[in-house]
A.B. asks: 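Below is the structure I would like to discuss, written out as structure tokens.
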Amino acid sequence: MKKDTALITAGRDKKYTGSAVNPKLSRASTIVFDTVAEMAQAGFDKNYQFDGGSQAAEYYGRRGTSTTLAFNDAMCELEGAVGSYVYPCGTAAITASLLSFLSAGDHLLMVDSVYEPTREFCQGTLARMGIDVSYYDPMIGKRISSLVQDNTKVIFLESPGSLTMEVQDVPSIVEAAKANSITTMIDNTYASPFNFRPLDFGVDVSIHSATKYLNGHSDVMLGVASANANAWPQLRDNSYELGQCASVDDIYTTLRGIRTLGVRMREHQANALKVASWLEKHDLVERVLHPAFESCPGYEFFQRDFSGANGLFSIVLRDANRKAVSAMLDDLVHFKMGFSWGGFESLILPVGSAPAKRAQAPWKLDSRLIRLHIGLEDSDDLIQDLSAGLERLREELTNA
């Protein structure tokens, strides 16, 4: 089945839809049973098999209703996973996945370009639990073997990296991990399963902020982690013990968003490539950080492993300060300032003047770094908006 077709059909088994097109929106805290045997099977046989994947039956609202199970089945199919678990946000999916495989005294290898909340979790909760964290250069590849310790239990990847977009050599890192019986997990939010399927490359757990492209409409907070046969039982049991669950309304909305994921991703990519190419030629832009550009670290891995890009990239301005960046961004019309990305709208984010919290791949993320998410507006309108903003920046720099 081609992936566009899979997006339409995944999670739409008749046991979820009945006679409707979409799975039913089933809100419930309590699930009732007709017999003791039925209740026992649903509650205590954790490997109870549904046709679409390995998931527990409806048993209690926190475990999920049929809406949840339809979404999990869809993610299993799209990711090539044995099981998927849903969380209230992307950060919860990351933290629950890490906690599922780490204990006091363990060692974690964390990519140095990681999403800031993940780093904060490492420096806060994991440090307090007595879990040692080492950060590695995102471009380390197979050399990561030299950082493995006797107590290394997890290697965490994020590719491309947050803000600076380095693309990792995932197969080389996975090979080193498997040679040392280490669990690998990746934040795959950038690509979505439409453009990269980590489990096909040997990664054990693929994690998404479903808030972003999977939902696509900036109106939901949701996370999901999908695992292979080796990792699924431990991820499932620990996530349930941690009390992780999510609103079925948010799950239903995201399941609906998945149906248009392919169409949206292609349009985001086309718009972003046009805007990024225009910015690359602008005299006030020093560098464009886009995985599909040869100048991006790991471009060769992106070309080899990914089937496409999206709307997210960064630029480094040639010269700027806070006041000049404010002049550029404050009066933009189509670009709004805000966190997150992956919705239909264009966003722009000044990274700020604080140095990057990096240990192995230092990069002073000063006021010259700007992250853009290119939405589904007309690209010519977006270019015109940016052009006017850059001229305001020029004027501020000239008059300084």
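What you are looking at is a predicted structure, and each value in this text was computed from that prediction instead of being measured.
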A.B. asks: Would Asp106 and Asn151 count as having a side-chain donor-acceptor pair, cut-off 3.5 Å?
C.D. replies: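 There is no such pair (donor and acceptor under 3.5 Å, judged by atom type) between the side chains of Asp106 and Asn151.
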A.B. asks: State, with a plain yes or no, whether a side-chain heavy atom of Arg318 is found less than 4.5 Å away from one of Asp283.
C.D. replies: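 The answer is no, as the side chains (C-beta and beyond) never meet within the 4.5 Å cut-off.
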A.B. asks: Would you tell me whether Ser134 and His107 have side-chain atoms, one donor and one acceptor, within less than 3.5 Å of each other?
C.D. replies: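 Per modelled atom types, Ser134 and His107 side chains form a pair under 3.5 Å.
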A.B. asks: Does the pair Val86 and Phe71 meet the rule for a side-chain contact (heavy atoms from CB on, under 4.5 Å), with working shown?
C.D. replies: CA-CA 8 Å; Val86 65; Phe71 178 75; 4.0 Å; yes
A.B. asks: Would you please test Leu289 and Leu369 for side-chain contact (heavy atoms from CB on, under 4.5 Å) and show each step?
C.D. replies: CA-CA 10 Å; Leu289 303 171; Leu369 183 67; 3.9 Å; yes
A.B. asks: Rounded to the nearest 0.5 Å, what separation is found between the CG atom of Leu25 and the CZ atom of Arg256?
C.D. replies: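 With rounding to 0.5 Å, CG (Leu25) is 9.5 Å from CZ (Arg256).
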A.B. asks: So, the side chain of Asn238 versus the backbone of Gln234: is there a donor-acceptor pair under 3.5 Å, distance only?
C.D. replies: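 Yes; judged by distance alone, with no hydrogens or angles, the pair exists.
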A.B. asks: Tell me whether the guanidinium CZ or amine NZ of Arg119 lies under 6.0 angstrom from the six-membered ring centre of Tyr135 and within 45° of its axis.
C.D. replies: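 Yes, cation above the ring, under 6.0 Å and within 45°.
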A.B. asks: Is it possible for you to say whether Val263 and Trp341 belong to one hydrophobic cluster, with membership spreading through side-chain heavy-atom contacts below 4.5 Å?
C.D. replies: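 Hydrophobic grouping puts Val263 apart from Trp341.
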A.B. asks: Enter the distance from Met265:CE to Leu7:CG here, rounded to the nearest 0.5 Å.
C.D. replies: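 The CE atom of Met265 sits 10.0 Å away from the CG atom of Leu7.
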A.B. asks: Tell me, with the steps shown, if Phe196 and Tyr190 meet ring-ring contact (aromatic ring centres under 6.0 Å, His included).
C.D. replies: CA-CA 9 Å; Phe196 183 59; Tyr190 173 95; over 10 Å; no
A.B. asks: Does a donor on one side chain and an acceptor on the other come within less than 3.5 Å for Lys14 and Thr17?
C.D. replies: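 Note: Lys14 and Thr17 side chains miss the donor-acceptor criterion.
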A.B. asks: Do Ile94 and Trp232 share a hydrophobic cluster (ILVMFWY, side-chain heavy atoms under 4.5 Å, transitive)?
C.D. replies: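 Linked within one cluster.
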A.B. asks: Do Gln168 and Tyr136 have side-chain N/O donor and acceptor atoms under 3.5 Å apart?
C.D. replies: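 Checked: Gln168/Tyr136 side chains pair up, N/O donor to acceptor below 3.5 Å.
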A.B. asks: Search all heavy atoms of Thr65 against all heavy atoms of Glu58 and return the closest pair with its distance.
C.D. replies: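 Taking Thr65 first and Glu58 second, the nearest heavy atoms are CA-OE2, 3.3 Å.
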A.B. asks: Look up atom CE in Met75 and atom OG in Ser84, then write down how far apart they are to the nearest 0.5 Å.
C.D. replies: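 That separation rounds to 5.5 Å.
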A.B. asks: Please name the residue in the list Leu312, Leu347, Ile315 that meets the side chain to side chain contact (heavy atoms under 4.5 Å, CB included) test with Arg371.
C.D. replies: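 Only one of Leu312, Leu347, Ile315 forms a side chain to side chain contact (heavy atoms under 4.5 Å, CB included) with Arg371, namely Leu312.
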A.B. asks: How about Phe313 and Val288: do any of their side-chain heavy atoms sit closer than 4.5 Å?
C.D. replies: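 The answer is yes; the side chains approach within 4.5 Å.
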A.B. asks: Quick one: does any side-chain atom of Thr164 pair with a main-chain N or O of Glu166 as donor and acceptor, under 3.5 Å?
C.D. replies: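 Side chain of Thr164 to backbone of Glu166: no pair is present.
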A.B. asks: Are the ring centres of Tyr240 and Tyr85 closer than 6.0 Å?
C.D. replies: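 Between Tyr85 and Tyr240, which both carry aromatic rings, the centre distance is not below 6.0 Å.
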A.B. asks: Treating Ile, Leu, Val, Met, Phe, Trp and Tyr as nodes and any side-chain heavy-atom pair under 4.5 angstrom as an edge, say whether Leu99 and Leu102 lie in one connected cluster.
C.D. replies: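 Yes, one cluster joins them.
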A.B. asks: With a 3.5 Å distance limit and no angle check, can you tell me whether Arg264 reaches the backbone of Gly257 through a side-chain donor-acceptor pair?
C.D. replies: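 A pair under 3.5 Å: yes.
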A.B. asks: Under 3.5 Å, side chain of His208 to main-chain N/O of Ala210, donor-acceptor pair present?
C.D. replies: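 Looks like no, no N/O pair under 3.5 Å.
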A.B. asks: Please check if the side chain of Asn215 supplies one atom and the backbone of Lys212 the other of a donor-acceptor pair under 3.5 Å.
C.D. replies: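 A pair under 3.5 Å: no.
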A.B. asks: What do you reckon, is CD of Gln384 surrounded by more than 12 foreign heavy atoms closer than 6.0 Å?
C.D. replies: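 Counting neighbours around CD of Gln384, 12 or fewer heavy atoms of other residues, nucleotides or ligands fall under 6.0 Å, so no.
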A.B. asks: Of all the heavy-atom pairs spanning Ala320 and Leu397, show the shortest one and how long it is.
C.D. replies: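 In terms of heavy atoms, the two residues are closest at CA-CD2, 4.1 Å.
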A.B. asks: When you look at Ile370 and Val325, which way does the side-chain contact (heavy atoms from CB on, under 4.5 Å) test go after all the steps?
C.D. replies: CA-CA 9 Å; Ile370 306 292; Val325 169; 4.0 Å; yes
A.B. asks: If only atom types and distance count, is the side chain of Arg197 paired as donor or acceptor with the main-chain N or O of Leu78 below 3.5 Å?
C.D. replies: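 Confirmed, Arg197 side chain pairs with Leu78 backbone.
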A.B. asks: So which heavy atom on Gly161 is nearest to which on Ser113, and how close?
C.D. replies: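 What the structure gives for the nearest pair is CA-OG, 3.7 Å.
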A.B. asks: Assess whether atom CD of Glu395 is packed by more than 12 heavy atoms of other residues, nucleotides or ligands within 6.0 Å.
C.D. replies: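 Counting other residues, nucleotides and ligands, CD of Glu395 stays at 12 neighbours or fewer.
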A.B. asks: Are Val220 and Phe344 connected, step by step, through hydrophobic side chains (Ile, Leu, Val, Met, Phe, Trp, Tyr) whose heavy atoms are closer than 4.5 Å?
C.D. replies: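 Val220 and Phe344: separate clusters.
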A.B. asks: Check whether any side-chain N or O of Ser387 sits under 3.5 Å from a backbone N or O of Ile383 as a donor-acceptor pair, and report yes or no.
C.D. replies: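 Judged by distance alone, no pair lies under 3.5 Å.
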A.B. asks: Taking Ser172 for its side chain and Asp169 for its backbone only, find out whether a donor-acceptor pair lies under 3.5 Å.
C.D. replies: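 No, the answer is negative, given that no donor and acceptor are paired below the 3.5 Å cut-off.
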A.B. asks: Does Ser277 use its side chain to pair, donor to acceptor, with the backbone of Leu273 at less than 3.5 Å?
C.D. replies: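 Yes: the side chain of Ser277 pairs with the backbone of Leu273.
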A.B. asks: Hey, are the side chains of Arg304 and Tyr299 touching, using non-hydrogen atoms and a 4.5 Å cut-off?
C.D. replies: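 SC-SC contact between Arg304 and Tyr299 ruled out.
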A.B. asks: So, does Asn188 use its side chain to make a donor-acceptor pair with the main chain of Ser206 at under 3.5 Å?
C.D. replies: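 Judged by distance alone, no pair lies under 3.5 Å.
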A.B. asks: Looking just at side-chain N and O atoms, do Lys274 and Ser379 make a donor-acceptor pair shorter than 3.5 Å?
C.D. replies: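 The criterion, which ignores hydrogens and geometry beyond distance, is satisfied for Ser379 and Lys274.
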A.B. asks: Identify the heavy atoms of Gly11 and Pro23 that sit nearest to each other, and give their distance.
C.D. replies: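 Nearest pair, atom of Gly11 first, then Pro23: O-CG, 3.3 Å.
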A.B. asks: May I ask you to decide whether Lys142 forms a salt bridge with Glu175, counting only side-chain N to carboxylate O separations under 4.0 Å?
C.D. replies: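 A salt bridge is absent here (no side-chain N lies under 4.0 Å from a carboxylate O).
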A.B. asks: When you look at Leu284 and Leu393, which way does the side-chain contact (heavy atoms from CB on, under 4.5 Å) test go after all the steps?
C.D. replies: CA-CA 9 Å; Leu284 292 178; Leu393 181 139; 3.9 Å; yes
A.B. asks: Side chains of Ser239 and Gln244: do they bring a donor and an acceptor to under 3.5 Å?
C.D. replies: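 Side-chain D/A pair, Ser239 to Gln244: absent.
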A.B. asks: Say whether Glu377 and Ser346, considering side chains only, have a donor N or O and an acceptor N or O under 3.5 Å apart.
C.D. replies: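 Their side chains do contain a donor-acceptor pair, which is all the 3.5 Å distance test asks for.
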A.B. asks: What's the verdict on salt bridge (Lys or Arg N to Asp or Glu O under 4.0 Å) for Arg259 and Asp4, showing C-alpha distance, side-chain angles and the deciding distance?
C.D. replies: CA-CA 8 Å; Arg259 308 308 177 197; Asp4 278 292; over 6 Å; no
A.B. asks: For the atom pair CD1 (Ile140) and CD1 (Ile173), what is the distance rounded to the nearest 0.5 Å?
C.D. replies: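 CD1 of Ile173 is found 7.5 Å from CD1 of Ile140.
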A.B. asks: With the side chain counted from C-beta on, respond yes when Glu396 and Met328 share a heavy-atom pair under 4.5 Å apart, and no when they do not.
C.D. replies: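 Counting from C-beta outward, Glu396 and Met328 never come under 4.5 Å.
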A.B. asks: State, with a plain yes or no, whether a side-chain heavy atom of Pro88 is found less than 4.5 Å away from one of Leu222.
C.D. replies: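 No, too far: nothing below the 4.5 Å cut-off.
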A.B. asks: Following the transitive rule for hydrophobic clusters with a side-chain heavy-atom cut-off under 4.5 Å over Ile, Leu, Val, Met, Phe, Trp and Tyr, establish whether Phe194 and Phe301 coincide in one cluster.
C.D. replies: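 Same cluster: Phe194 reaches Phe301 through Ile, Leu, Val, Met, Phe, Trp or Tyr contacts under 4.5 Å.
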A.B. asks: Measure the shortest side-chain to side-chain distance between Leu372 and Ile374 over non-hydrogen atoms and say whether it is less than 4.5 angstrom.
C.D. replies: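 Answer yes - side chains close enough.
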A.B. asks: As an exercise, state the distance from CZ of Arg368 to OG of Ser314, rounded to the nearest 0.5 Å.
C.D. replies: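 Between atom CZ of Arg368 and atom OG of Ser314 there are 13.0 Å.
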A.B. asks: So how far is it from Asn228 CG to Thr183 OG1, rounded to the nearest 0.5 Å?
C.D. replies: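 These two atoms lie 8.5 Å from each other.
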A.B. asks: Taking C-beta and beyond as the side chain, do Phe101 and Lys153 meet within less than 4.5 Å on heavy atoms?
C.D. replies: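 Heavy-atom side-chain distance check fails, nothing below 4.5 Å.
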A.B. asks: Kindly give the heavy-atom pair with the smallest separation between Lys3 and Ser307, and that separation in Å.
C.D. replies: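 Residues Lys3 and Ser307, closest heavy atoms: NZ-OG, 2.8 Å.
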A.B. asks: Minimum heavy-atom separation for Thr67 and Ile251, please, with both atom names.
C.D. replies: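 Shortest heavy-atom contact: O-CG2, 3.8 Å.
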A.B. asks: Looking at Tyr16, is Lys24 sitting on its ring face, NZ or CZ under 6.0 Å from the six-membered ring centre and within 45 degrees of the normal?
C.D. replies: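 No; the conditions do not both hold, so Lys24 does not lie above the ring face of Tyr16.
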A.B. asks: Under a 4.5 Å cut-off applied to non-hydrogen side-chain atoms, are Tyr115 and Leu163 in contact?
C.D. replies: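 Tyr115 vs Leu163: side chains apart.
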